[in-house]
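Here is the structure we will look at, set down as structure tokens.
As the structure is a prediction and not an experimental result, all values here were calculated from the model.
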Amino acid sequence: MAATEMDTLNRKILRCLQENARMSYAEIGRVVGLSAPAVAERVQKLEEQGIITGYKVSLDLGKVGLPLEAVISLKISSGQLESFLFQVQKYEEVLECHRITGENCMMLKVAVKGPKELELLINQLMEYGEPTTSMILSSPVKARVI
């Protein structure tokens with residue numbers, strides 16, 4: 001199957017879905033100037049091509065008891081990468097983990113109840129290398145849409 005063309009209409013549809021994944025095809029159609037069936041067909045093609053990989057709920061972490069967010073960069077110690085990659089999957093506090101270039105080879109975004117929980121997580125990460133932690137004060141750009 002040929003790749004779906006990323007024309008202006010597809011980008012507008014994706015932008016609508018990124019802003020509100022529950023938006024109906026009719027609502028999206030009004031925004032982009034297509035009928036609901038035409039939007040549905042385009043969305044289906046975008047899903048089939050793996051461009052749309054899923055739909056997510058956006059949470060206010062403070063309201064679910066996790067008001068403290070931080071970014072932790074981690075310089076993995078020699079021989080610890082494999083065990084870290086296995087263990088990081090188990091840390092419920094870790095929202096995201098990215099392998100990056102530079103001196104610190106891992107970047108984690110975490111959310112915890114408070115400073116004590118953050119300290120405990122940092123202590124656990126020290127088993128795998130040297131963490132550097134920055135608390136997130138605010139997020140002027142939460143998730144950029146295409």
Verify side-chain contact (heavy atoms from CB on, under 4.5 Å) between K109 and E69, making sure each step is shown before the conclusion.
-> CA-CA 7 Å; K109 181 178 178 187; E69 293 180 70; 3.1 Å; yes
For the backbone of [Y] and the side chain of [X], can you confirm whether one donor and one acceptor N or O come within less than 3.5 Å of each other?
| X | Y | value |
| --- | --- | --- |
| Q49 | L46 | no |
| D60 | G62 | yes |
| S77 | Q80 | no |
| E117 | G114 | yes |

Quick one, [X] and [Y] - any side-chain contact, counting heavy atoms below 4.5 Å?
| X | Y | value |
| --- | --- | --- |
| L66 | K113 | yes |
| Q89 | V94 | no |
| V110 | L95 | no |

Do you know the tightest heavy-atom contact between [X] and [Y]?
| X | Y | result |
| --- | --- | --- |
| C105 | I76 | SG-CG1, 3.3 Å |
| T133 | A70 | CG2-CB, 4.1 Å |
| N104 | S73 | ND2-OG, 3.2 Å |
| L34 | A38 | CB-CB, 4.1 Å |
| I13 | V32 | N-CG1, 4.0 Å |
| I72 | P131 | CG2-CB, 3.8 Å |

Mind checking whether Y91 and L81 sit in one hydrophobic cluster, side chains of I, L, V, M, F, W, Y counted as touching below 4.5 Å?
-> yes
Considering residues, nucleotides and ligands other than [X], do more than 12 of their heavy atoms fall under 6.0 Å from its [atom1]?
| X | atom1 | answer |
| --- | --- | --- |
| E130 | CD | no |
| Y55 | OH | yes |
| E96 | CD | yes |

State whether K45 and E41 are salt-bridged, where the test is any N-O pair (Lys NZ or Arg NE/NH1/NH2 against Asp/Glu carboxylate O) under 4.0 Å.
->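 E41 and K45: salt-bridged.
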With the threshold set at 4.0 Å, does a side-chain nitrogen-carboxylate oxygen contact exist between R42 and D7?
->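 Yes, R42 and D7 are salt-bridged.
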When you look at L121 and Q124, which way does the side-chain contact (heavy atoms from CB on, under 4.5 Å) test go after all the steps?
-> CA-CA 5 Å; L121 178 61; Q124 291 173 334; 3.8 Å; yes
